[in-house]
Amino acid sequence: MTKRQSGPARTGRGVALLLCLAASAAAQSKPAPTQDQRMEWFRHDKFGMFIHWGPYSAFAGEYKGQKVPVGTEAEWIMQRFNIPVADYRETARGMKPVKFDAEAWVALAKATGMKYLVLTAKHHDGFAMYRSTVSKYNLLDWAKFDRDPVQELSAACQKAGIRFGVYYSHREDWDHPDGFGNNWDYDRTKKNFERYLDEKSKPQLRELLSRYGPIHLVWFDRGMDTPQHTQQFIDIVHELQPNCLINGRVGDYGADLMGDYQNMNDNGMPNGGLQEDWETPQTMNTTWGYSKFDQQWKTPGEVIHRMVEIVGKGGNYLLNIGPMADGTIPSPSVATLKAVGAWMQINGESIYGTVASPLTAQPWGRSTVKGNKVFLHVFSWPADGILRVQGLTNTVKAAYPLAAPSQKLALSREGGVPLVKLPAEPLDQNDTVIALELDGAPRAEPLIVVQGSDVGFDLDYLAAVTSGKAVKRFNRSGKFHIAKWTGPADSATWQLLVSQAGEYEVRIRYSARAESNGAGFVVNIGGQTVRGTVSGTGEGYEYKTIDLGRVRLPKTGPLTVKLQPAADTGHNLIFFQALELSPAGHRMVE
Ligand code: H79
């Protein structure tokens with residue numbers, strides 16, 4: 001929470017001062033926006049442009065004949081080849097982005113259908129791409145370029161209705177003697193990290209948030225070391241721009257989320273099922289900063305398919321371009337973005353403002369959801385011209401291609417599965433979107449079929465239906481779990497269809513904080529109860545598997561398995577990954 005105090009009443013001052021005080025008192029009495037209010041645009045907009053641009057763009061993947069291997073990050077060149085600060089600074093001095101055109105960059109983002117834009121104001125190399133008074137190591141003072149990219153992009157974004165954000169590497173700094181990461185020029189043991197934070201990192205963040213109009217997002221990276229330091233950065237953002245969002249990487253990746261939303265790992269894709277706000281930053285080739293060697297460009301189809309997968313799993317897509325040092329955007333990425341934009345022009349309705357789909361991946365593609373509509377994204381056209389929508393239990397009222405809404409498609413059902421008669425040909429080679437109007441919000445069949453009593457199976461976080469406060473989350477180091485359950489009202493359930501009775505060993509896989517030591521949980525399996533007691537696994541997310549005992553699954557149609565805390569604890573009970581059921585050895589005859 002931001003501190004909000006109204007100042008003491010003053011008398012006997014000049015009118016101008018009184019007006020000024022009144023204005024600032026009014027501003028201060030406005031309540032800070034709630035997180036839901038701050039997140040509103042982010043949840044709707046779904047698609048943003050990431051721009052990695054700095055002195056590393058001038059190296060373009062090569063230093064003194066040494067090449068950054070394709071497939072790795074070219075913006076890490078300074079660290080990869082332990083380039084001395086003096087050498088790196090010489091290249092930085094030569095950066096003259098004479099072809100930089102903020103309005104053209106923003107127009108490209110807009111034409112692609114992107115709604116927000118995030119520029120690297122300072123990456124790990126420590127070079128500021130704006131006029132900084134805190135450090136002369138910036139494009140204007142150091143490279144003597146007379147234009148400020150942050151200022152120009154902020155202005156161009158405002159004009160075009162694109163939300164502008166800045167990337168700021170707050171922990172890493174390979175130029176500052178006390179920053180994190182450069183142990184080739186500087187002696188690690190002599191570093192005073194606090195001094196770096198106070199001299200450079202925090203004051204530069206203040207500059208960015210006070211000189212360039214509205215900043216809608218600060219995108220931190222590499223995770224600050226302690227919750228106390230993390231909070232100091234969050235406080236600066238909230239103090240200067242109460243509406244500004246803060247990405248998940250502001251804090252230590254091993255610790256609980258402190259930012260506004262979760263970031264997947266770089267280029268990361270979750271299995272699905274997340275019940276929290278998230279975004280994945282992704283590259284168009286295999287590097288973030290420009291590399292003249294990397295021609296492994298994703299096709300428009302790949303970008304569209306990724307976007308649909310991300311958005312269909314409830315996330316945002318922050319797609320990167322790596323301009324050259326002179327400001328030129330590599331032409332393959334421009335061509336791809338334009339093709340994506342043409343698709344978005346027609347099909348954007350199936351992306352913006354959508355939520356995660358309850359349907360899993362289908363043989364022909366994926367789906368996104370808005371209200372009572374499900375959008376079927378057909379990536380591969382079924383040979384028989386019939387689209388089978390596996391798992392959808394709703395009544396379908398109407399179907400039409402988003403590209404030709406007046407063309408109503410014939411509907412039928414086969415064994416409970418809705419069928420749609422497709423047009424003769426795809427309307428788009430990459431993704432033809434078919435909209436289905438349903439009788440209500442899309443619902444999917446949650447049934448898990450247990451194949452036989454000799455085969456083990458997992459009831460994992462992904463297949464669970466959660467209720468109460470229990471939610472599916474990303475653990476920030478690449479794994480997923482259910483968390484936030486504090487009492488018996490918070491649960492995970494699974495519906496099983498057991499084809500053959502059998503006896504199973506039950507195990508649970510979780511991690512837990514020490515505060516949960518001794519707390520109980522209950523697993524109800526078709527009326528049989530198995531109980532367990534939590535033992536903590538430490539501060540990170542070290543998952544362990546614990547034996548809970550045996551159960552017998554009868555062959556009785558659908559059967560419910562439910563996991564819940566035994567009593568109210570007031571804090572998260574466990575970070576749950578799965579119940580593991582394995583055959584107990586002998587077959588049951590029924
Ligand atoms: O800004 C982009 C990356 O530079 C940044 N995040 C995105 C958005 C990032 N910060 N840290 N990492 C990525 C982890 C990267 C580690 C690696 Fe490497 C860099 C792998 C290969 C190059 C360091 C150097 C580890 C191995 C060699």
Side-chain angles (χ1 to χ4, degrees), residues 47-63 66-83 88 114 116-129 149-150 165-175 179-185 188 201 204 208 217-225 230 233 245-254 259 261-269 278-291 293-294 296 298 306 310 315-323 333 474 476-478:
F47 192 24
M49 175 179 273
F50 212 173
I51 304 176
H52 275 68
W53 196 41
Y56 42 84
S57 319
F59 284 93
E62 186 167 20
Y63 170 67
Q66 304 176 86
K67 296 171 181 169
V68 177
V70 174
T72 59
E73 294 85 339
E75 72 284 359
W76 276 70
I77 191 164
M78 184 177 178
Q79 194 263 14
R80 173 171 291 272
F81 299 130
N82 289 357
I83 301 176
Y88 197 88
M114 292 155 156
Y116 61 111
L117 183 151
V118 180
L119 172 77
T120 48
K122 186 204 88 169
H123 202 263
H124 309 334
D125 63 5
F127 187 77
M129 290 296 284
V150 170
V166 290
Y167 171 109
Y168 189 84
S169 182
H170 58 331
R171 185 180 73 135
E172 203 89 4
D173 197 304
W174 303 332
D175 189 77
F180 190 92
N182 183 344
N183 301 322
W184 57 94
D185 281 306
R188 189 199 301 255
S201 191
Q204 284 201 327
L208 288 165
L217 170 62
V218 180
W219 216 98
F220 295 103
D221 207 355
R222 298 286 287 172
M224 192 39 75
D225 58 344
T230 303
F233 280 84
L245 292 180
I246 300 168
N247 76 328
R249 294 191 187 173
V250 62
D252 183 339
Y253 296 178
Y261 65 84
Q262 300 272 23
N263 279 109
M264 292 302 112
N265 299 350
D266 288 356
N267 291 302
M269 185 73 85
W278 64 272
E279 171 192 64
T280 175
Q282 305 218 347
T283 50
M284 289 192 70
N285 46 1
T286 68
T287 177
W288 303 87
Y290 175 67
S291 161
F293 306 116
D294 188 346
Q296 297 188 12
K298 290 177 188 72
R306 271 169 194 262
I310 292 160
N316 279 27
Y317 190 19
L318 185 59
L319 180 58
N320 183 69
I321 58 166
S333 46
F474 177 57
R476 315 190 67 229
S477 48

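Given the structure is predicted, the values throughout are model-derived calculations rather than measurements. Order of appearance sets the numbers: ligands from 1, and atoms from 1 within every ligand.
- Under the side-chain hydrogen bond (donor to acceptor under 3.5 Å, both in side chains) rule, His123 has a single partner from Tyr56, Trp174, Trp53, Tyr167, which is Tyr167.
- No side-chain donor from either of Gln296 and Asn285 sits under 3.5 Å from a side-chain acceptor of the other.
- Aromatic rings from Tyr88 and Tyr63 are positioned such that their centres are separated by 6.0 Å or more.
- At a threshold of 4.5 Å between non-hydrogen side-chain atoms, the residues Thr120 and Trp219 do not count as touching.
- Residues satisfying the side-chain hydrogen bond (donor to acceptor under 3.5 Å, both in side chains) criterion with Arg171, sequence neighbours excluded, are absent altogether.
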Pairs under 3.5 angstrom, nitrogen or oxygen on both sides, ligand 1 versus protein: list them out, please.
| residue | atom | partner | partner atom | Å |
| --- | --- | --- | --- | --- |
| ligand 1 | 1 (O) | His52 | NE2 | 2.6 |
| ligand 1 | 1 (O) | His123 | NE2 | 2.8 |
| ligand 1 | 1 (O) | Tyr167 | OH | 3.4 |
| ligand 1 | 4 (O) | Glu75 | OE2 | 2.5 |
| ligand 1 | 4 (O) | Trp76 | NE1 | 3.0 |
| ligand 1 | 4 (O) | His123 | NE2 | 3.2 |
| ligand 1 | 6 (N) | Asp221 | OD2 | 2.8 |
| ligand 1 | 6 (N) | Asp266 | OD2 | 2.8 |
| ligand 1 | 10 (N) | His124 | NE2 | 3.1 |
| ligand 1 | 11 (N) | Arg222 | NH1 | 3.0 |

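- The heavy-atom pair separating Tyr290 from Ala74 by the smallest distance is O-CB, 3.8 Å.
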